[in-house]
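Here's the structure, in structure tokens; my notes come after.
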Amino acid sequence: MTIKITSENFQKEVMESPIPVILDFWAEWCRPCQMLGPIIEDISNELAGKVKVGKVNVDEEGLLANQYRISSIPTVMAFKQGKPTAQVIGLLRKEDLLKRLGL
Amino acid sequence: MYDVLVVGGGPAGISAAVYLQRFKLKVIVIAKDYGALGQTTHIENYYGFEAPITGKQLVESGFAQARRLGVEVNVGEEVLAINGSEPFIVKTNIKEYHAKVVLLATGMSRPSLRVKGFTTLQGKGISFCGICDGFLYRNKRIGLVGSGDFMLEELDVLKNFSKNITIFTHGEPLKVDVKEFAVITEPIIELLGPETLTGLKTSNHQYELDALFIAAGTPSASDFAMRMGAFVNPKNEIEVSPTFSTNIPGLYAAGDCTGGLLQISKAVRDGAEASLAINKYLKTKTS
């Protein structure tokens with residue numbers, strides 16, 4: 001299960017999360033994002049309890065996208081204790097994505 | 001509606017088309033030009049030719065062979081965009097086609113801009129896909145590199161997001177008509193960073209930019225694949241299964257654009273193998 005991240009719940013769900021967080025910055029109209037969607041969903045089920053997985057819709061959450069200088073989607077970021085630890089751009093296979101996120 | 005539209009008329013594309021035609025499928029090949037093979041002056045290592053032949057001869061002979069067998073081969077037409085899925089809508093510089101399957105066989109893609117900062121700023125303000133990333137630069141200063149139809153296609157997308165667009169032809173003459181936007185023809189010598197793109201330098205000037213979109217030359221197979229959501233590896237090669245399917249149903253790729261041995265013999269084999277898988281795919285779809 002993934003969580004929808006907005007500027008309202010960002011502080012609580014990401015910054016104050018006791019476990020690492022993965023954020024998928026995406027949009028409806030982006031085809032690579034649509035292909036990445038099921039992979040992100042897979043990761044959220046596989047790592048349930050160990051890693052929290054959130055999705056940020058850049059159409060709705062322009063401020064968050066700006067704050068993290070998202071310049072290309074899909075972009076996936078990893079956070080530990082509220083700090084970004086990795087950023088991966090583009091569509092990748094699950095194994096490659098997890099490796100590059102350091103998970 | 002075509003059963004299969006093949007992008008690229010080299011050994012992989014033509015070989016696939018010849019087999020597909022024999023499966024009684026409706027096939028069209030769209031080839032921009034004679035490709036990299038057309039530039040080769042001496043081929044001595046391909047099976048069955050006693051004397052060396054030129055790449056141009058081999059490519060021409062491929063076109064003629066496919067045509068004789070009833071394949072439609074359009075040479076000089078350029079695919080600009082592939083949209084939709086099942087069927088795909090393929091837009092060229094001339095018209096639009098609908099096809100149940102698309103086979104990408106355009107050969108290897110070349111790095112599009114060899115200037116300082118290009119590699120390090122990719123994904124940090126440099127983008128290859130207006131429809132993917134244009135939205136992130138609403139009302140920002142956008143640079144667009146290119147000089148032909150591919151650039152115009154990207155411009156059409158990008159102008160929905162910003163009016164502040166500057167076109168950089170990077171030393172090439174502008175081949176299309178562009179109104180409303182500034183066009184700079186001086187070559188780009190450096191992209192400015194360091195963290196994210198802040199602008200670029202040409203031989204005479206410096207331009208401040210928030211993003212730079214690359215649409216130089218002709219879109220390559222990996223450009224199409226990436227936009228469609230297919231897996232492309234860091235070497236810009238399309239990732240395919242042993243039967244040359246991608247992760248997008250109905251999208252196949254064969255030949256040099258999938259990497260491996262960059263030889264005619266391998267491309268011919270890829271095309272043949274892909275055609276069998278495509279035939280099977282189309283059969284299961286209709287049954």
Side-chain angles (χ1 to χ4, degrees), chain A residues 5-7 10 22-43 55-78 83-102, chain B residues 81-85 88-89 119-143 157 160-161 193-198 209-214 222-234 236 238-241 246-249 251:
Chain A
I5 300 294
T6 64
S7 43
F10 184 78
I22 294 175
L23 287 189
D24 170 21
F25 291 83
W26 72 289
E28 289 282 351
W29 38 264
C30 152
R31 289 172 81 178
C33 301
Q34 286 167 9
M35 301 307 291
L36 187 68
I39 297 174
I40 292 291
E41 203 61 48
D42 243 25
I43 291 175
K55 287 177 76 84
V56 182
N57 183 323
V58 298
D59 279 350
E60 297 164 2
E61 299 297 333
L63 277 177
L64 280 179
N66 262 343
Q67 192 182 336
Y68 288 98
R69 293 183 174 174
I70 303 301
S71 64
S72 190
I73 52 173
T75 289
V76 182
M77 290 185 74
K83 288 202 179 71
T85 53
Q87 189 185 44
V88 179
I89 296 164
L91 173 68
L92 261 72
R93 292 192 187 280
K94 188 170 78 180
E95 300 71 37
D96 298 332
L97 179 60
L98 287 173
K99 205 162 117 193
R100 290 188 41 196
L101 287 171
Chain B
I82 305 172
N83 298 310
S85 63
F88 298 103
I89 301 156
T119 316
T120 50
L121 292 168
Q122 275 180 36
K124 294 170 183 164
I126 295 180
S127 171
F128 296 88
C129 180
I131 202 150
C132 310
D133 302 332
F135 180 85
L136 299 160
Y137 297 99
R138 266 168 306 171
N139 305 317
K140 298 264 175 79
R141 296 163 300 184
I142 294 176
V157 172
N160 297 314
F161 301 116
E195 299 257 307
T196 52
L197 180 94
T198 55
L209 298 170
D210 299 297
L212 187 67
F213 286 81
I214 315 289
S222 59
D223 286 323
F224 296 128
M226 183 191 66
R227 283 168 169 71
M228 295 167 83
F231 287 108
V232 176
N233 75 18
N236 254 339
I238 301 168
E239 291 190 13
V240 288
S241 73
T246 69
N247 56 317
I248 312 276
L251 180 69

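In what follows, chains are A, B, ... by sequence order, proteins preceding strands, each numbered from 1.
Taking every heavy atom of both residues into account, B/Gly229 and A/Met35 meet most closely at O-CG, 3.1 Å. Residues A/Arg93 and B/Glu239 come closest through the heavy atom pair NE-OE1, 2.7 Å. Shown here for A/Ile73 and B/Asp133, the closest heavy-atom pair between the two residues is N-OD1, 2.9 Å. Between B/Phe135 and A/Val58, the closest heavy-atom pair is CE2-O, 3.8 Å.
No part of B/Asp210 comes within reach of chain A, as not one of its non-hydrogen atoms sits under 4.5 angstrom from that chain. If you measure heavy-atom distances from A/Leu36 to chain B, you find no contacts under 4.5 Å at all. Only the side chain of B/Tyr137 comes within contact range of chain A, with heavy atoms under 4.5 Å apart. Residue A/Asn66 touches chain B through its side chain alone, counting heavy-atom pairs closer than 4.5 Å. The contact between A/Leu91 and chain B is made by backbone and side chain atoms together, counting heavy-atom distances below 4.5 Å.
Taken from NZ in B/Lys124 to CD1 in A/Ile89, the straight-line distance is 7.0 Å, to the nearest 0.5 Å.
Using modelled atom types, no side-chain atom of A/Arg31 and backbone atom of B/Cys132 make a donor-acceptor pair closer than 3.5 Å.
Other residues, nucleotides and ligands contribute over 12 non-hydrogen atoms within 6.0 Å of the CD1 atom of B/Ile89.
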